[in-house]
Amino acid sequence: MTNSRDLFSKFDALIAEREALLATGVRDPFAIVMDEVKSPTLAVIKGKDTILLGTYNYMGMTFDPDVVAAGKKALDDFGAGTTGSRVLNGTYQGHREVEDALKEFYGTSSAMVFSTGYQANLGMISTLAGKGDYVVLDADSHASIYDGCFLGDAEIVRFRHNSVEDLNKRLGRLPADALKLVVLEGVYSMLGDVAPLPQMVAAVRSHENCMILVDEAHGMGFFGAHGRGVYEEQGVEKDVDFVVGTFSKSVGTVGGFCVSNHPKFEILRLVCRPYVFTASLPPSVVATAATSIRKLMHAGEKRAHLWKNSQRLHKGLTDLGFTLGTKEPQSAIIAVILTDQAQAVAMWQTLLELGLYVNMARPPATPAGTFLLRCSLCAEHSDEQVGQIIGIFEAAGRAVGVIA
Ligand code: PMP
């Protein structure tokens with residue numbers, strides 16, 4: 001049975017690679033269990049207190065007392081789930097409230113909440129760009145962006161990561177009368193680098209029939225005067241047609257959304273399959289999200305501390321001799337580049353044994369075949385913790401031979 005060819009045969013190479021890796025005695029990097037979570041920055045993994053440096057809890061909202069209280073109250077008042085789609089029985093007062101909070105946060109006329117950020121991209125891209133339309137996207141785009149193209153059956157045109165010149169060139173080759181959706185991300189989550197949005201927007205606007213969608217999954221909360229994202233910080237708010245985001249990072253819960261000022265936006269609620277054909281978020285989740293979003297409107301101090309943490313860690317790791325994804329810190333993500341899988345796994349495991357959790361990423365998720373340890377900082381990491389993190393990297397880097 002197991003040896004015969006069937007639909008699982010295509011995974012044989014991956015199964016063999018994984019078995020070979022585990023046979024070397026390393027811990028399974030994709031089977032970590034948080035036995036207890038003490039705070040946004042501290043969990044117990046296999047009985048050991050571990051600093052979390054691999055979450056997307058950028059603003060540390062998961063344990064905010066107001067956020068938690070709002071979730072508990074909604075659970076009591078509205079029950080555990082909606083058991084239905086947004087367009088049928090699944091729109092409660094709380095779904096309206098979180099959409100109102102988003103409209104206020106982003107200053108837009110419309111907001112549509114999905115069950116995840118993945119579904120927000122899937123839904124927006126597939127519904128906006130169909131057969132015969134073009135989606136022009138950065139080659140390093142998130143999987144949900146690619147999957148949105150596949151679902152909608154649009155033509156995919158990739159341009160070189162963050163290259164304004166290549167974006168312009170590829171747009172120039174498309175038929176002028178064809179409808180195009182250009183999808184950009186504010187922060188690219190693998191290397192933690194930021195897109196040059198003003199130059200990109202200018203390039204797009206020099207071509208006809210283009211709309212622009214920016215995914216601010218990793219920019220919300222941290223960038224811009226109102227925390228809207230990189231597109232706000234870089235001053236291109238008026239040029240962006242759609243902003244997609246998630247509740248699973250700075251907001252601290254789960255869910256996804258799109259905001260827009262387009263006058264026909266509301267029709268999407270009836271035609272967007274990943275919105276219509278799935279259950280809506282539980283009342284407790286939308287209540288925590290709404291409370292968190294409203295608090296993020298006044299999170300200047302947290303933002304400043306997060307930025308300080310990012311700069312300090314970037315400098316600390318650079319001074320130790322690690323190779324990082326960006327020369328300067330550009331976001332709350334700092335990627336440590338390693339030579340191969342063996343080195344990445346050894347380093348990851350040593351960090352874990354010393355009490356530090358980071359995310360490991362490998363091809364195909366990573367750009368240009370790189371093996372990365374991705375560190376993502378939190379506004380709640382204390383100065384002391386950032387010092388400990390740098391110390392643990394130094395010890396692990398020496399033990400594994402990544403640094404001298
Ligand atoms: N877009 C980007 C750029 C992301 O990094 C992610 C998640 N890592 C998503 C969308 C999907 O978000 P969610 O976790 O809410 O599905």
Side-chain angles (χ1 to χ4, degrees), residues 30 52-59 61-62 95 98-99 102 111-126 128 135 137-151 158 161-162 181-195 197 200 212-223 228-231 240 242-259 272 274-275 278-282 285-286 288-289 292-293 296 325 330-335 358-362 364-367 372 374-378:
F30 304 109
L52 299 173
L53 189 66
T55 77
Y56 296 123
N57 200 355
Y58 297 124
M59 303 300 274
M61 298 306 280
T62 50
H95 298 84
V98 74
E99 286 176 345
L102 281 168
M112 188 166 155
V113 165
F114 293 77
S115 298
T116 64
Y118 176 88
Q119 281 165 286
N121 271 331
L122 199 65
M124 287 306 302
I125 295 168
S126 65
L128 289 169
V135 181
L137 47 76
D138 188 293
D140 288 357
S141 291
H142 189 259
S144 56
I145 295 173
Y146 277 103
D147 292 355
C149 301
F150 300 139
L151 184 66
R158 294 178 184 81
H161 177 54
N162 271 349
L181 178 66
V182 179
V183 182
L184 306 168
E185 290 175 43
V187 177
Y188 284 85
S189 68
M190 285 298 148
L191 298 178
D193 53 336
V194 160
L197 293 179
M200 292 187 142
I212 301 177
L213 181 152
V214 179
D215 178 333
E216 287 285 357
H218 297 272
M220 183 186 188
F222 188 28
F223 290 85
R228 291 173 183 161
V230 175
Y231 81 109
V240 168
F242 309 98
V243 175
V244 163
T246 174
F247 297 160
S248 74
K249 306 192 195 302
S250 285
V251 178
T253 175
V254 69
F257 63 86
C258 180
V259 294
C272 180
Y275 179 83
T278 196
S280 63
L281 288 167
V285 168
V286 284
T288 54
S292 178
I293 290 163
L296 288 178
Q330 293 187 18
S331 68
I333 301 170
I334 293 169
V358 298
N359 278 323
M360 189 165 65
R362 46 160 283 163
T366 53
L372 306 174
R374 289 157 67 230
C375 309
S376 32
L377 287 145
C378 175

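Whatever order the structure lists ligands and atoms in, that order sets their numbers, starting from 1.
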Chemist: Quick check: does Y118 get an N/O under 3.5 Å from an N/O on ligand 1?
Modeler: yes
Chemist: S144: heavy atom below 4.0 Å from ligand 1, yes or no?
Modeler: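 Yes, that is the case, since the closest heavy atom of the residue is under 4.0 Å from the ligand.
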Chemist: So which heavy atom in the protein is nearest atom 9 (C) of ligand 1, and how far is it from that ligand atom?
Modeler: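 Its nearest protein heavy-atom neighbour is H142 CE1, 3.6 Å.
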Chemist: Any idea which part of Q119 is under 4.0 Å from ligand 1, heavy-atom wise: side chain, backbone, both or neither?
Modeler: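 Neither; no heavy atom under 4.0 Å.
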Chemist: Of the backbone atoms (N, CA, C, O) and the side-chain heavy atoms from C-beta on, which set of N121 has a member under 4.0 Å from an atom of ligand 1: side chain, backbone, both, or neither?
Modeler: side chain
Chemist: So for ligand 1, is F247 a polar contact partner (N or O within less than 3.5 Å, distance only)?
Modeler: no
Chemist: Does H218 reach ligand 1 with a nitrogen or oxygen that is under 3.5 Å from one of the ligand's nitrogen or oxygen atoms?
Modeler: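 So ligand 1 has an N or O lying under 3.5 Å from an N or O of H218.
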Chemist: Considering only non-hydrogen protein atoms, determine which one is nearest to atom 1 (N) of ligand 1 and report residue, atom name and distance to 0.1 Å.
Modeler: D215 OD2, 2.6 Å
Chemist: Take F247 and L102, measure what side chain to side chain contact (heavy atoms under 4.5 Å, CB included) needs, and give me the verdict at the end.
Modeler: CA-CA 11 Å; F247 297 160; L102 281 168; 4.0 Å; yes
Chemist: Please state whether A120 comes within less than 4.0 angstrom of ligand 1, counting heavy atoms only.
Modeler: no
Chemist: Which residue supplies the protein heavy atom nearest to atom 8 (N) of ligand 1, what is that atom called, and how far is it?
Modeler: K249 NZ, 2.9 Å
Chemist: S376 and K249: side chain to side chain contact (heavy atoms under 4.5 Å, CB included), yes or no, with the steps?
Modeler: CA-CA 11 Å; S376 32; K249 306 192 195 302; over 6 Å; no
Chemist: What verdict does the side-chain hydrogen bond (donor to acceptor under 3.5 Å, both in side chains) test give for H218 and Y58, after you've listed the backbone C-alpha separation in whole Å, the side-chain angles of each residue and the deciding distance to 0.1 Å?
Modeler: CA-CA 9 Å; H218 297 272; Y58 297 124; 2.6 Å; yes
